[in-house]
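Naming: A, B, ... by sequence-line order, numbering from 1 per chain. Because the structure is a prediction, the values reported are computed rather than measured.
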Amino acid sequence: MQHDYFPRYEPKTAVGRWFDSRLPLTRLMYDSFVAYPVPRNLNYFYTFGGILSVMLVVQIVTGVVLAMHYVPHEDFAFDSIEHIMRDVNYGWLLRYIHSNGASMFFLAAYIHIFRGLYFGSYKEPREILWILGVVIFLLMIATAFFGYVLPWGQMSFWAATVITNLFSAIPLVGENIVTWLLGGFAVGQPTLNRFYSLHYLLPFMIAGVVALHVWALHVTGQTNPTGIEVKSKQDVVPFTPHATIKDAFAMTVFLILFAWFVFYLPNYLGHADNYQKADPLVTPAHIVPEWYLLPFYAVLRAVPSKLLGVVLMFGSIAVLFILPWLDTSRVRSANYRPLYRQFFWIFVAVCIGLGYLGAKPAEGGYVIAARILTTYYFAHFFLILPLLGLFENPRPRPASIADSVLKPADEVSGAPAAAGGVAAPETRG
Amino acid sequence: MHNAIIRLLAAILLAMPLASLSYAADDESGTPHYPKNKPRHVSWSFAGPFGTFDPQQLQRGLQVYREACAACHSLGYVAFRTLGSESGPHLSADAVRALASEYIIEDPDAPDGERPGRASDVFPDAPPYPDSNPPDLSVITKARAVERGFPTFIFDIFTQYQETGPDYVYSLLTGYQDPPDGVEVPDGNYYNPYFVSGTTLAMPTPLFEEAIAYAQNADDNPDNDVPETVDQYAKDVTAFLMWTAEPHMTDRKSLGLAVMIFLIVLAGLVYYTKKKVWAEVH
């Protein structure tokens with residue numbers, strides 16, 4: 001975003017000027033994270049980008065140290081995890097931070113994504129920003145899956161078996177692709193070794209795409225709960241100290257939740273079967289992924305055809321790539337879209353419902369329920385969003401961000417203040 | 001008008017899966033769910049945010065493990081030296097060495113390929129068992145954390161209930177009973193409705209009343225005597241196995257308290273700083 005609302009970087013020392021004329025790194029940082037203007041009306045749902053950045057760093061730092069003690073071998077992987085838990089100084093802490101950190105990472109990512117859906121953050125001119133976010137999400141799923149295999153417990157082994165077997169649904173070459181992916185005819189040592197390699201690689205790719213994501217964000221500027229673009233200096237506050245301190249507060253509260261799980265419920269989000277060493281001869285009664293992948297697992301199992309299930313599962317994420325062009329409404333924020341706001345919450349409930357069904361055995365009524373919800377999931381994107389834009393009467397929007405904050409709600413273009421939990425923070429101003 | 005249509009749609013959308021769920025619950029043909037009986041709750045000393053292990057109980061549990069379980073079940077991740085842990089069984093260094101030396105450890109560097117155990121060794125493998133594969137017990141109380149079901153699992157987040165594994169092990173050990181009429185128990189199997197993957201299992205009742213004479217009951221102090229019952233044996237060995245599964249649990253919870261206090265104070269400070277910074281904007 002071209003901005004001159006707040007003073008840019010001025011090197012104050014001779015050394016600073018010397019450095020700035022050769023590599024303006026300090027300038028980049030200052031202009032991006034100090035003088036950068038953010039809308040003054042952001043609520044706490046906008047703090048999750050910062051939280052996610054911190055979570056990525058937490059995962060990389062704990063992961064690098066864990067990798068110093070972990071042994072990627074089918075005979076020793078499980079033992080090396082127990083070695084970390086018992087004998088490595090604070091190994092239990094590192095491992096519990098890392099395993100629960102994955103869950104917290106996804107929790108924050110889902111809040112971040114649904115915030116984007118609610119406030120229409122994917123709309124012009126932020127399509128690339130949104131697509132980069134979906135790429136990060138895909139990389140996160142892959143990283144989490146590879147990481148889950150590494151402890152080489154029962155669920156690790158069978159998750160690897162089930163997920164790699166999905167590729168056998170590809171016509172003609174499916175079986176060959178599975179053999180190529182596994183490095184053999186079944187999950188074994190070559191699989192574990194390459195998954196470990198990829199688990200170490202992908203987080204750095206995520207970090208790279210995050211850099212692009214932040215770059216794209218700083219070109220277009222942030223959205224805000226009104227969905228109206230920044231028009232004047234009155235609409236914005238400098239990133240530091242305003243956004244910095246607000247993000248820091250949200251981060252601290254998020255860390256309290258994180259610590260609650262790490263220190264008091266460290267195995268709550270995991271699966272008990274993974275404390276049993278992998279055994280190719282014993283299939284667990286229920287093979288289920290971690291909670292954050294359950295909705296996609298429910299979609300996968302909703303249809304009898306394996307190929308169609310795989311297509312739908314990948315489709316349920318791929319549809320996010322074209323979301324900016326499926327939503328025909330020109331109004332960004334759900335606060336001014338009375339119908340979309342209701343459909344949004346139905347969609348949230350449908351996703352949670354799919355998550356519940358993903359944890360249940362694929363039989364009887366559970367499958368029927370999963371089919372209904374899967375159908376709705378896709379209908380939301382392909383039917384409801386395109387049509388809503390054509391038929392919905394959006395509410396009048398305030399003239400500017402500053403207007404929405406500074407004038408009492410009933411004066412803003414005569415529009416009644418948006419009600420509801422999410423809408424509350426910005427009406428408070 | 002629009003709102004009415006949407007609410008109707010939402011209601012239908014919600015009702016259909018719920019209806020099919022109740023159908024799923026009634027569906028007898030589906031996969032049966034085990035354990036048949038939910039684990040019974042025990043009031044454990046290690047439960048809750050301030051829970052700690054009782055060293056005497058762990059020592060008794062160690063004795064039960066050695067006399068009743070060790071013939072079939074290994075404890076392959078537990079090193080003898082860890083039995084001296086202050087937050088664990090808290091054996092003296094001499095007691096640890098004496099206990100370790102009672103075991104024969106295979107060691108290719110020793111003159112005969114074997115030698116007496118040292119504190120740094122782990123419990124040696126139990127002898128191989130014909131026809132079945134008794135699991136290693138080192139992390140069994142975490143590996144058998146059976147699911148709690150909706151909505152209980154949500155409440156567990158707030159109550160910090162983490163003892164479903166220990167409850168399961170205790171319930172299994174005390175849950176052997178005569179099969180109800182009409183239930184066929186295969187030869188060499190035993191009926192136990194608390195078992196995780198069926199109603200019968202190959203492990204016979206491992207504990208009997210007064211079968212183990214607790215060392216601490218043999219001393220002159222009658223105050224520390226504990227009953228020598230199946231119930232007490234089961235509790236003691238389960239507590240011991242919880243410690244083997246999570247030997248740093250006490251460290252974890254006490255560090256957790258410090259971290260929580262730090263974060264809450266920090267959150268308060270940051271919140272008021274934030275309020276001050278934003279005061280001029282609002």
Side chain, backbone, both or neither: which part of [X] has an atom under 4.5 Å from a heavy atom of chain B?
{"X": "A/H271", "result": "side chain"}
{"X": "A/L93", "result": "side chain"}
{"X": "A/V262", "result": "backbone"}

Is [X] atom [atom1] crowded by more than 12 heavy atoms from other residues, nucleotides or ligands, each under 6.0 Å away?
{"X": "B/Q160", "atom1": "CD", "result": "yes"}
{"X": "A/F378", "atom1": "CZ", "result": "yes"}
{"X": "B/Y272", "atom1": "OH", "result": "no"}

TODO: Enumerate by number any residue of residues 37-53 of chain B whose heavy atoms lie under 4.5 Å from heavy atoms of chain A; in the absence of such residues, state 'none'.
DONE: B/P49
Is any side-chain heavy atom of [Y] closer than 4.5 Å to one of [X]?
{"X": "A/F249", "Y": "B/T273", "result": "no"}
{"X": "B/M260", "Y": "A/W260", "result": "yes"}
{"X": "B/T141", "Y": "A/Y275", "result": "no"}
{"X": "A/D79", "Y": "B/Y77", "result": "yes"}
{"X": "A/R86", "Y": "B/T82", "result": "no"}

Per-residue contact mode, [X] against chain A (heavy atom under 4.5 angstrom):
{"X": "B/Q162", "answer": "side chain"}
{"X": "B/S138", "answer": "both"}
{"X": "B/V277", "answer": "both"}

Nearest 0.5 Å, what's the [atom1]-[atom2] distance between [X] and [Y]?
{"X": "B/K275", "Y": "A/K246", "atom1": "NZ", "atom2": "NZ", "answer": "13.0 Å"}
{"X": "A/F263", "Y": "B/M249", "atom1": "CZ", "atom2": "CE", "answer": "14.0 Å"}
{"X": "A/I256", "Y": "B/L263", "atom1": "CD1", "atom2": "CG", "answer": "5.5 Å"}
{"X": "B/I157", "Y": "A/L269", "atom1": "CD1", "atom2": "CG", "answer": "7.0 Å"}
{"X": "A/Q276", "Y": "B/I140", "atom1": "CD", "atom2": "CD1", "answer": "6.5 Å"}

- [ ] On the 0 to 90° scale, with breaks at 30° and 60°, tag the A/Y356-B/F150 ring pair as parallel, tilted or perpendicular.
- [x] perpendicular
TODO: May I ask you to decide if the ring planes of B/W278 and A/H242 are parallel, tilted or perpendicular, using 30° and 60° as cut-offs?
DONE: perpendicular
- [ ] Output yes when a side-chain donor or acceptor of A/W92 lies under 3.5 Å from a complementary backbone atom of B/P247, and no otherwise.
- [x] no
Open item on the list: Any side-chain to backbone donor/acceptor pair from A/Y264 onto B/L257? Under 3.5 Å, distance only.
Closed with: yes
Open item on the list: Filter on salt bridge (Lys or Arg N to Asp or Glu O under 4.0 Å), then keep only pairs touching residues 243-254 of chain B, sequence neighbours left out; what's left?
Closed with: B/K142-B/E246, B/E246-B/R252
- [ ] Kindly give the heavy-atom pair with the smallest separation between B/A145 and A/A272, and that separation in Å.
- [x] O-CB, 3.5 Å
Task: Where A/T252 and B/V270 come nearest, the two heavy atoms and their spacing - done: OG1-CG2, 4.5 Å
Open item on the list: Applying ring-ring contact (aromatic ring centres under 6.0 Å, His included), can you list everything that pairs with A/F76, at least two apart in sequence or on another chain?
Closed with: A/H73
TODO: Verify side chain to side chain contact (heavy atoms under 4.5 Å, CB included) between A/Y268 and B/Y161, making sure each step is shown before the conclusion.
DONE: CA-CA 9 Å; A/Y268 175 87; B/Y161 174 79; over 6 Å; no
Open item on the list: Taking every non-hydrogen pair under 4.5 Å, which of B/L269, B/V196, B/T244, B/I264 racks up the most with chain A?
Closed with: B/T244
Task: Choice from B/A79, B/A267, B/A143, B/S254 maximising heavy atom contacts with chain A below 4.5 Å - done: B/A143
Open item on the list: Looking at A/D247 and B/K274, is there a salt bridge between them, counting it only when a charged N and a carboxylate O are closer than 4.0 Å?
Closed with: no
TODO: Sequence neighbours left out, what passes side-chain contact (heavy atoms from CB on, under 4.5 Å) with A/A359? Give chain and number order.
DONE: A/L294
